[in-house]
Amino acid sequence: MSSSLYRRLTVGLAALTGLLGAGLVGIGAANAVTVPILVADVDSGKVIYAQAPTDPWYPASITKLMTTYVALDLVRQGKVSLDSMITISAAAAAEPPSKMGFKPGTQLTLDNALKIIMVKSANDVAYAIGESLGGSVENFAALMNETAQRIGMHDSRWYNPNGLPDPRQWTSARDMAVLARALIRDFPDSHDLFSISAIQFGRAVMANHNGLLGRYPGTDGMKTGFICSGGFNVVATATRNGRRIVTIVMGQPSPRERDVKTADLFDYAFGQSAGWSSPTLDALPASAIPAPPDMRPFVCGGKKPPAIEDGPGALSAPGSAAQLIGGSAANSPALALAAFSNPALRARSLPPRAPLQPIAVWVGRNPAEGQQILEAQEAEQKAAAANTRAAKLEAAKAKRAAALEAAKQARAARLERAEAAKAAAKTAPKVAAKPAHGVPRNASAYTSDVTPGMPEAKPGKGLTKPAPKAAAHKPAPAKAETKPETKSDKAAAKAPARKSAAKKAAADE
């Protein structure tokens, strides 16, 4: 056995081991589902490998392949041209990311709009394509459904042109393979549209979200997509030795696992030949599942939303599939297991990406007009920024002036109060002096009117002894008749008294 044949057989068995492992999880667990996978030969439409190929699934941004087919079909019919102008409406500008962020009223050619939605996956531009070509998004969705039926897509229902979450909008792996073959077959001159590695708008370079481009040899298209409810999806084509294979992988938990699994499927498919016994896409049986499962609890629920290539932040359909559509098995725990492939495959990665080769895109009718528009927008942005800065400076100046004025008024008010207090003090009448001895603090309200005299000193303190107590009252004897005293008698009576006082004083000393 040659080494190349042995390698192809080994790689093919490894890929099928991972794929069948995921399929067996879905079969063995009650109420589980299997993620859709399909590999087919582009020229013959023969199926090389299929897993749940007709089960309904949320398409996310691979919807833009359908939008592109309708737009190119209108060009082929002569109803529009690639130079027709697409106008960004207010509704288009309000669409969630991923987006270009064009202002309402911005115009660009259909050719540039298609390049942008294939590389950047811009939801605002895809919405504008639907409005401009269909007159309204609803009318364009009707064109999408009509065209899908005409080219053999039986499982798809379209309600918007960009793939943002809508519980009514779904497709299948088989339908996306049919669409990929129709794009290659019906618009061979536009095939390069699906293999652009990057676009350049002004000074910004935006790489294609398709992680297989420039990393897996022979990859030449087509489109990726992600919403929480559908997981990470891809429709990819690759060519080797003149043979082109289309691979559809849906419901993966990360871009890396999606890309690795797709690369392994390509390796397996290029080592196989689709014989006469292989079924065609049209011969695949219809699915028994009535509605798509909701992958959101297992891709985005209970943890930080994964980094996605179709815009910042995970996008989710409002409510669960069970609530909106009536499915009963959408939220079973086994669904999480069905979303993940073999651990050996999850540990692998693809080689680094080849250098980008950006394609220029612009707004307006031509690059010169687009440059003028960009310069005008840049000048407008600078003027707006300058006005904002001037307004902030003026506001700060006014705030400082108001603070200074408030401080000045406060000082004036304090001075005025001080002057008023001084003037009041000058004009106030003098208050009578208070008596030297006020009423004692413990004085009663009912005090005697008699002022107490000086207390008598006790004997021995240099003062005279108190007078002896008067004898008890006795009846006075009858007065004898006396003669009136003469001056000599009075003097004689005073002399002993003076002698007695002198003796007393000497004794006290």
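Judged by distance alone, with hydrogens and angles left aside, the side-chain atoms of Gln51 form a donor-acceptor pair with the main-chain N or O of Val35 at under 3.5 Å. The closest donor-acceptor contact from the side chain of Asn112 to the backbone of Val361 lies at 3.5 Å or more, if one exists at all. Using modelled atom types, one side-chain atom of Trp57 and one backbone atom of Gly230 make a donor-acceptor pair closer than 3.5 Å. The backbone N or O of Gly101 lies less than 3.5 Å from a partner atom in the side chain of Asp124, making a donor-acceptor pair. Remark: the backbone N or O of Thr239 is not paired with any side-chain donor or acceptor of Arg244 at under 3.5 angstrom. Side-chain atoms of Ser98 come within 3.5 Å of backbone N or O of Lys120 as a donor-acceptor pair. Checking side-chain atoms of Gln169 against main-chain N and O of Tyr159 turns up a donor-acceptor pair under 3.5 Å.
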What donor-acceptor contacts under 3.5 angstrom involve side-chain atoms of residues 141-153, with partners at least two apart or in another chain?
unit_1 : atom_1 : unit_2 : atom_2 : d
Asn145 : OD1    : Trp158 : N      : 2.9
Asn145 : ND2    : Ala141 : O      : 3.1
Asn145 : ND2    : Trp158 : O      : 3.0
Thr147 : OG1    : Leu143 : O      : 2.8
Gln149 : NE2    : Met153 : O      : 3.4
Arg150 : NH2    : Asp73  : OD2    : 2.9

Pairs under 3.5 angstrom only: tabulate donor-acceptor contacts from the side chains of residues 183-195 to other protein residues two or more places apart or in another chain.
unit_1 : atom_1 : unit_2 : atom_2 : d
Asp186 : OD2    : Tyr69  : OH     : 2.5
Ser195 : OG     : Asp192 : O      : 3.3

query: Yes or no on side chain to side chain contact (heavy atoms under 4.5 Å, CB included) for Tyr127 and Ile117, after CA distance, side-chain angles and deciding distance?
result: CA-CA 10 Å; Tyr127 194 97; Ile117 67 170; over 6 Å; no

- request: Start with the C-alpha distance between Asp294 and Ser229, add both sets of side-chain angles, then the distance that settles side-chain hydrogen bond (donor to acceptor under 3.5 Å, both in side chains), and finish with yes or no.
  value: CA-CA 5 Å; Asp294 190 350; Ser229 297; 3.3 Å; yes

message: Quick one, Ile116 with Ile199, criterion side chain to side chain contact (heavy atoms under 4.5 Å, CB included). Give me CA distance, side-chain angles, the key distance, then yes/no.
response: CA-CA 7 Å; Ile116 288 172; Ile199 57 173; 4.0 Å; yes

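Ion pairing of Arg157 with Asp175 is absent here, as no side-chain N (NZ or NE/NH1/NH2) approaches a carboxylate O to less than 4.0 Å. Under a 4.0 Å N-O distance rule, the pair Asp41/Arg243 qualifies as a salt bridge.
A cation-pi arrangement, defined by a distance under 6.0 Å to the six-membered ring centre and an angle within 45 degrees of its axis, is absent between Arg258 and Phe232.
The closest side-chain donor-acceptor pair between Thr63 and Lys223, if any, does not fall under 3.5 angstrom. At a cut-off of 3.5 Å, with distance as the only test, a side-chain donor of Lys64 or Asn123 sits close to an acceptor on the other residue. Thr171 and Ser156 form a side-chain donor-acceptor contact under 3.5 Å, judged by distance and modelled atom types alone.
By the neighbour-count criterion of 12 heavy atoms within 6.0 Å, atom CZ of Arg353 is densely surrounded, having more than that number from other residues, nucleotides or ligands. By the 6.0 Å contact criterion, CD on Gln357 is open, its count of non-hydrogen atoms from other residues, nucleotides or ligands being 12 or less.
Side-chain atoms of Arg296 and Ile227, non-hydrogen and from C-beta on, never get closer than 4.5 Å to each other. Residues Ile86 and Val125 fail the side-chain proximity criterion, which asks for heavy atoms closer than 4.5 Å. Side-chain atoms of Ile248 and Ile62, non-hydrogen and from C-beta on, never get closer than 4.5 Å to each other. In this structure the side chain of Ile88 reaches within 4.5 angstrom of the side chain of Leu108, judged on heavy atoms. Between Ile373 and Gln377, some side-chain heavy-atom pair lies under the 4.5 Å cut-off.
Smallest separation of non-hydrogen atoms from Ile48 and Tyr268: CG2-CE2, 4.1 Å.
The ring-ring contact (aromatic ring centres under 6.0 Å, His included) analysis of residues 73-118, with sequence neighbours excluded, yields the pairs Phe102-Phe201.
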